[in-house]
Amino acid sequence: MLFFSGMIPLDAAAAVVLQLIIQLVTAADGLLFCAVMTALAGFSAMYNYVCTVLEYDDKDM
């Protein structure tokens with residue numbers, strides 16, 4: 001919301017995120033980046049599974 005209202009410039013926020021990604025890639029030859037991406041993928045899969053189970057329970061009744 002703050003991006004669209006102009007309170008935070010989009011290029012400044014993107015630069016911060018890009019700098020964090022670059023630091024993750026350079027640390028330990030990319031091993032830390034791979035670990036973070038694997039953890040994010042696992043959490044995303046777990047979230048999608050829980051949402052699917054809850055949606056199935058609602059439709060089952």
Checklist entry - Met37, Val17: one ILVMFWY side-chain cluster at the under-4.5 Å cut-off? => result yes
Checklist entry - Taking a hydrophobic cluster as the set of Ile, Leu, Val, Met, Phe, Trp and Tyr residues connected by side-chain heavy atoms closer than 4.5 Å, whether directly or through intermediates, do Val36 and Val25 fall within one such cluster? => result yes
Next on the checklist: Would you say Ile22 ends up clustered with Leu20 if hydrophobic residues are merged whenever their side chains have heavy atoms under 4.5 Å apart, either directly or through other cluster members?
Outcome noted: no
Checklist entry - Between Thr38 and Cys34, is there a donor-acceptor pair closer than 3.5 Å when you use the side chain of the first and the backbone of the second? => result yes
Checklist entry - In the single-linkage hydrophobic clustering (I, L, V, M, F, W, Y; side-chain heavy atoms under 4.5 Å), do Leu24 and Val16 co-cluster? => result no
Checklist entry - Is the number of heavy atoms from other residues, nucleotides or ligands within 6.0 Å of CG (Asn48) greater than 12? => result yes
Checklist entry - Under 4.5 Å between side-chain heavy atoms, hopping through other hydrophobics if needed: is there a path connecting Phe33 to Leu18? => result no
